[in-house]
Amino acid sequence: MRTVYIKNEKDTEKFGLELADQLKPGDVLALVGDLGTGKTTLTKAIARGLGVCGRITSPTFTIVREYDTGRIPLYHFDVYRLESGADLTDIGAEEYFDAGGICVIEWADRVAEVLPDETKVIFIEYGEHESERVYKCTF
């Protein structure tokens, strides 16, 4: 597991932009972390790196938002309100996994049992200081 130390939001932006360059159509990225660790902030940076135009907002109440203005479509999930992976399957997540875009899933630990085996995972933890984060990446 690779560990990345993030000192501030500027580091988050840089990491997200670099990650966007590495992601390929069909990739699923699972973000796992407590409330306020910056899952949506990281997703916004990834979206910018993909060239997504417009405002990126958390899809907390809609579960998924689709952005198709970048070089690769982005499907942004917030599964906090789901009870299990079965709920994710019920909303058609497998179709998104196979749609040739990039799926970023916040609170992915809640639905881990239905994520593809090759899912890339980032565990986000608080750092020592308020703005610091620690990313533990499985890729």
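- The number of heavy atoms from other shown groups lying within 6.0 Å of CD (Gln22) is above 12.
- Looking only at distances, no side-chain donor or acceptor of Arg65 sits under 3.5 Å from a matching main-chain atom of Tyr75.
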Could you go through Tyr5 and Tyr135, starting from their C-alpha distance and side-chain angles, then the distance that decides it, and tell me whether this counts as ring pair (Phe, Tyr, Trp, His ring centres under 6.0 Å)? CA-CA 6 Å; Tyr5 296 95; Tyr135 293 172; 9.9 Å; no
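- Thr69 and Cys53 make their closest contact through OG1-N, 2.8 Å (heavy atoms, listed as atom of the first residue, atom of the second, distance).
- The heavy-atom pair separating Arg55 from Thr57 by the smallest distance is NH1-CG2, 3.4 Å.
- Under the 4.0 Å criterion applied to side-chain N and carboxylate O atoms, Glu13 and Arg48 are assigned as salt-bridge partners.
- Side-chain N or O atoms of Asp27 include one that pairs as donor or acceptor with a backbone N or O of Lys24 at under 3.5 Å.
- Between the side chain of Thr119 and the main chain of Val28, no donor-acceptor pair closer than 3.5 Å is present.
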Are Phe15 and Cys137 close enough, and set up right, to give a side-chain contact (heavy atoms from CB on, under 4.5 Å), and what steps lead you there? CA-CA 12 Å; Phe15 180 86; Cys137 307; 4.0 Å; yes
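- Leu74 and Ile122 end up in the same hydrophobic cluster when Ile, Leu, Val, Met, Phe, Trp and Tyr side chains are linked at under 4.5 Å.
- A salt bridge does not link Glu125 to Arg133: none of the charged side-chain nitrogens sits closer than 4.0 Å to a carboxylate oxygen.
- Side-chain N or O atoms of Glu113 include one that pairs as donor or acceptor with a backbone N or O of Gly85 at under 3.5 Å.
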Decide yes or no on side-chain hydrogen bond (donor to acceptor under 3.5 Å, both in side chains) for Thr40 and Glu106, but give the supporting numbers first. CA-CA 8 Å; Thr40 301; Glu106 297 186 31; 2.9 Å; yes
side-chain hydrogen bond (donor to acceptor under 3.5 Å, both in side chains) between Asp78 and Thr60, worked out: CA-CA 5 Å; Asp78 182 329; Thr60 302; 3.0 Å; yes
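- Closest approach of Gly100 to Pro73, counting heavy atoms only: O-CD, 4.2 Å.
- Nearest heavy atoms, Ala108 versus Val32: CB-CG2, 4.3 Å.
- Of all non-hydrogen atoms in Leu35 and Trp107, the two that sit nearest each other are N-CH2, 3.5 Å.
- Between Gly16 and Leu42, the shortest heavy-atom distance links the atoms CA-CD1, 3.8 Å.
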